[in-house]
Number of protein chains: 2
Amino acid sequence: MGKIAESTVRRLSVYLRLLEEFAAQGKGTVSSHELAGQGHTTPAQVRKDLSFFGSFGKRGLGYPVPELIAQLRDILGLDRPYRVAVIGAGKIGRALVGYQGFVSRGFHIVLLYDNDLDKVGVSWDGLQVRDERDIEADLAREPVDIAIVATPACAAQALVDRIVTTGIKAILNFAPVEVSHPDGVVVKNVNMALELETLSYALRNR
Amino acid sequence: MGKIAESTVRRLSVYLRLLEEFAAQGKGTVSSHELAGQGHTTPAQVRKDLSFFGSFGKRGLGYPVPELIAQLRDILGLDRPYRVAVIGAGKIGRALVGYQGFVSRGFHIVLLYDNDLDKVGVSWDGLQVRDERDIEADLAREPVDIAIVATPACAAQALVDRIVTTGIKAILNFAPVEVSHPDGVVVKNVNMALELETLSYALRNR
DNA sequence: GGATGTGAATGTCTTCACAGCT
DNA sequence: AGCTGTGAAGACATTCACATCC
């Protein structure tokens with residue numbers, strides 16, 4: 001299959017959410033127009049996005065909701081559970097552990113770390129905080145698919161360097177710093193201050 | 001000034017962070033190559049991004065660090081403080097209040113709301129949780145620049161509808177749902193499950 | 001020499017428009 | 001008639017390459 005744009009993948013995730021709402025309402029089929037929502041994208045964009053992966057609709061009718069949900073889950077790789085480790089038991093780590101939106105998508109946080117020994121051993125939502133020094137040993141025994149880095153910026157690069165040695169292939173980085181990493185490891189950044197800064201820019205020019 | 005791509009604005013934010021690190025190290029000038037970092041973008045991209053707003057560098061030398069910081073802060077609208085309201089005092093709201101990265105950028109969370117009366121009146125980091133029913137009255141008295149929605153998906157649209165009536169112009173939405181809103185209001189979505197889903201897609205194809 | 005600034009070329013993504021199926 | 005699927009066109013973003021200046 002050809003290379004798919006990141007923007008397309010993000011929209012597929014959005015379509016999946018919308019489709020689940022339509023399914024909950026008992027809708028059997030939806031049109032590209034309905035999936036485009038209230039101006040967030042266009043019907044043509046929806047059809048193009050889906051067409052990269054196959055022909056899921058029926059002309060004159062639209063797309064069958066349950067089948068398209070199954071297809072999108074398959075395309076996005078959500079047809080299986082993921083084991084996730086959260087590194088950093090500060091406020092962000094606290095918010096991530098027990099966040100409903102993860103479990104319902106098959107992302108299970110199974111390990112939680114901090115370097116503060118006062119936190120080690122404490123349980124949050126049934127998950128015990130572990131000693132950050134044990135990361136390599138733990139991940140060797142019970143590998144995870146994804147690591148979420150939720151530490152201060154100054155600690156992030158060293159931790160990324162350590163966890164990539166364990167063979168991890170995907171990292172979600174909440175630390176407000178660009179981390180370098182080997183090819184073959186996918187890193188996505190979530191930077192809340194940066195989002196506010198784009199809002200600031202948007203406000204400035206209006 | 002012409003319209004600037006969102007991707008450009010996001011990179012400017014990243015450059016600003018890097019520049020502040022260089023400034024802390026006492027560096028007086030940086031080249032586009034240094035600002036491009038370890039492969040996150042290219043020197044040509046850096047120069048193009050900056051050139052949309054002016055000529056800040058000196059040929060043969062590079063860019064003066066303190067001046068470029070001042071310019072970027074000005075361009076991004078970070079040369080003044082912002083008043084921010086957080087709506088939803090759950091785990092995400094908790095993480096946002098007191099997040100250091102906001103204050104250091106001039107984003108001051110001055111109001112915090114929840115609809116759970118057990119939480120109303122409680123103080124977090126010196127900020128008292130207010131009754132969600134008072135939002136309109138409070139914002140009329142003490143307007144804010146940006147609202148952060150950190151509620152469950154089901155509550156988000158109704159709250160957005162209410163706060164746009166107060167004249168707010170920018171919303172950062174953490175609820176995992178696309179909200180509709182009038183033109184003239186800028187809405188940015190941060191959806192952590194969606195980020196994990198793009199990682200899932202990336203893992204699937206390798 | 002060394003690095004910027006920028007038009008031109010290239011590459012990527014989105015939108016159009018219509019053939020083709022139901 | 002209605003809506004999908006898709007090449008082609010258009011818009012947009014990135015990269016190139018070189019003239020320009022310190």
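Values below: all heavy atoms of this structure, side chains included; hydrogens, waters and symmetry mates excluded. In what follows, chains are A, B, ... by sequence order, proteins preceding strands, each numbered from 1. In this text the structure is predicted, and so the values were computed from the model without any measurement.
Within the model, atoms CD1 of A:I171 and NE2 of A:H181 stand 7.5 Å from one another, a figure rounded to the nearest 0.5 Å. Remark: A:L159 CG to A:I135 CD1 distance equals 5.5 Å, nearest 0.5 Å.
Computed from coordinates, the B:F53 CZ to C:dG5 P distance equals 14 Å when rounded to whole Å. In this structure, B:L50 places its CG atom 13 Å from C1' of C:dA3, rounding to the nearest Å. Rounded to an integer number of Å, the gap from A:E34 CD to D:dT4 P is 9 Å. As rounded to whole Å, 14 Å separates atom P of D:dC18 from atom CZ of B:R47. In this entry the distance linking CD1 of A:I4 with C1' of C:dT14 reads 14 Å, nearest Å. Distance A:D49 CG to D:dG5 P: 12 Å, rounded to the nearest Å. Distance CD (A:E6) to P (D:dC12): 21 Å, rounded to an integer number of Å. In this structure, CD of A:Q45 is placed 13 Å from C1' of D:dA11, rounded to the nearest angstrom.
Here the side chain of B:R11 is nearest to one of D:dT14, C:dT22, C:dT14, namely D:dT14. Out of C:dC13, D:dG5, D:dT14, the shortest distance to the side chain of B:S7 is found at D:dT14. Across D:dC22, C:dG7, C:dT4, the shortest atom-to-atom separation from the side chain of B:K48 is found for C:dG7. Nearest nucleotide to the A:R59 side chain, out of C:dT4, C:dC18, D:dG2: D:dG2.
With A:E197 as the partner, the salt bridge (Lys or Arg N to Asp or Glu O under 4.0 Å) test is satisfied by one option alone out of B:R17, B:K188, B:R73: B:R17.
Residue B:H33 places its NE2 atom among 12 or fewer non-hydrogen atoms of other residues, nucleotides or ligands, all under 6.0 Å distant.
Proximity of A:T42 to the phosphate of C:dT15: a side-chain N or O atom is located under 4.0 Å from OP1 or OP2. Contact check, A:S32 against D:dT4: a side-chain N or O comes under 4.0 Å of OP1 or OP2. Applying the 4.0 Å criterion to OP1 and OP2 of C:dT22, one finds that A:Y63 has every side-chain N and O outside that range.
The residue among A:A5 and B:G57 whose nearest nucleotide of DNA chain C is located toward the 5' end is B:G57. Where A:K58 and A:A44 each meet DNA chain C at their nearest nucleotide, the meeting point lying more 5' is that of A:A44.
In terms of the salt bridge (Lys or Arg N to Asp or Glu O under 4.0 Å) criterion, residue partners of B:K91 (sequence neighbours excluded) are, by chain and number, A:D125.
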